[in-house]
Amino acid sequence: YKQDKGWQGPVPIDNGTGFVDGAAITFNEIGEAAAVFEQHDGKVFGIYANLYIPAKGGWQGSVRIDTGSNNAYFPYPVFDNQNNLHVIYYKGLDYGYDVYISKYNTSISKWLEPVLLSEDKIKNKEEDWNKIAEDVARGKSSIYNPQFWPEVEKRIYSGTGNHGRNPGSW
């Protein structure tokens, strides 16, 4: 929707390679946005991001931001107060799940290598995993898991209260 032009036609923001799920979007204070989602490439689910930057013509194209060959789930995007995008997500392992964060550094226009966020492997029982899935489906963030919330605060929280899709909630 453009304020002076009304609704525009739909634009695909995935890369068209497979099933897409777990989408989330966030906006920053200068009118940029990021859509993140799980997309199946025929073998595994990966985490993809597509940036909307009006100054560069709109949607920039989807990019896989996780690494490795295991499934990745539940992306949660947030802009920091310098308009860098951080995407927190779970990466499946044979024995549980790790939590990673990928960062798009605005000053160099580049995705940095994903960083392991969880101090230890998260070993969820099936009912715990289902609870996380239900929370994400209801719009509740799973990043408040006490096992790794201190790492989120340490790595991206600046204390300004001006972050992501729920300004003032941090």
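Atom OH of Tyr100 and atom CD1 of Ile88 lie 14.5 Å apart (nearest 0.5 Å). To the nearest 0.5 Å, the span separating CG on Asp80 from NE2 on His86 amounts to 3.5 Å. Once rounded to the nearest 0.5 Å, the distance linking CD of Glu29 with CG of Asn81 reads 8.0 Å. Atom CD1 of Ile65 is separated from atom CG of Asn50 by 11.0 Å, given to the nearest 0.5 angstrom. The structure places CZ of Phe79 at 10.0 Å from OH of Tyr104, a figure rounded to the nearest 0.5 Å. A distance of 5.0 Å separates CG of Leu116 from CG of Asp98, quoted to the nearest 0.5 Å.
Members clustered with Ile30: none, using a 4.5 Å side-chain heavy-atom cutoff among hydrophobic residues.
Both Ile101 and Phe74 belong to a common hydrophobic cluster when Ile, Leu, Val, Met, Phe, Trp and Tyr are linked at side-chain heavy-atom distances under 4.5 angstrom. The same ILVMFWY cluster, assembled from side-chain heavy atoms under 4.5 Å apart, contains both Val36 and Trp111. Connection of Phe19 to Tyr90 is established within a shared hydrophobic cluster, with ILVMFWY side chains joined at heavy-atom distances below 4.5 Å, either directly or through further cluster members. Linking ILVMFWY side-chain heavy atoms closer than 4.5 Å, directly or via other members, places Phe37 and Val99 in two distinct hydrophobic clusters. Hydrophobic clustering of Ile, Leu, Val, Met, Phe, Trp and Tyr side chains at less than 4.5 Å, counting indirect connections, unites Tyr97 with Val115.
Evaluation of the side chain to side chain contact (heavy atoms under 4.5 Å, CB included) rule for Asn70 yields Lys91, Leu93 as partners, not counting sequence neighbours. Partners of Tyr52 according to the side chain to side chain contact (heavy atoms under 4.5 Å, CB included) rule, which considers only residues two or more places apart in sequence or in another chain, are Ala33, Pro54, Trp59. Judged as a side chain to side chain donor-acceptor pair (under 3.5 Å), and not counting sequence neighbours, Glu38 has no contacts. Judged as a side chain to side chain donor-acceptor pair (under 3.5 Å), and not counting sequence neighbours, the contacts of Tyr89 are Ser102.
Between Arg64 and Asp41, some side-chain heavy-atom pair lies under the 4.5 Å cut-off. With contacts defined as side-chain heavy-atom distances shorter than 4.5 Å, the pair Lys56/Ser109 qualifies. Using a 4.5 Å cut-off on side-chain heavy atoms (C-beta onward), Glu32 and Leu51 make no contact. Under the 4.5 Å side-chain criterion, counting only non-hydrogen atoms from C-beta, Thr26 is in contact with Leu85.
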N/O donor-acceptor pairs under 3.5 Å from side chains in residues 7-14, not counting sequence neighbours:
unit_1 : atom_1 : unit_2 : atom_2 : d
Gln8   : NE2    : Gly6   : O      : 3.0

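The main-chain N or O of Asn83 is found under 3.5 Å from a side-chain atom of Thr106 such that the two form a donor-acceptor pair.
Judged purely by distance below 3.5 Å, without hydrogens or angles, the side chains of Asn71 and Tyr73 pair a donor atom with an acceptor atom.
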*asked:* What verdict does the side chain to side chain contact (heavy atoms under 4.5 Å, CB included) test give for Gln60 and Ile53, after you've listed the backbone C-alpha separation in whole Å, the side-chain angles of each residue and the deciding distance to 0.1 Å?
replied: CA-CA 7 Å; Gln60 302 301 295; Ile53 304 173; 4.0 Å; yes

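Ala24 and Pro77 make their closest contact through CB-CD, 3.6 Å (heavy atoms, listed as atom of the first residue, atom of the second, distance).
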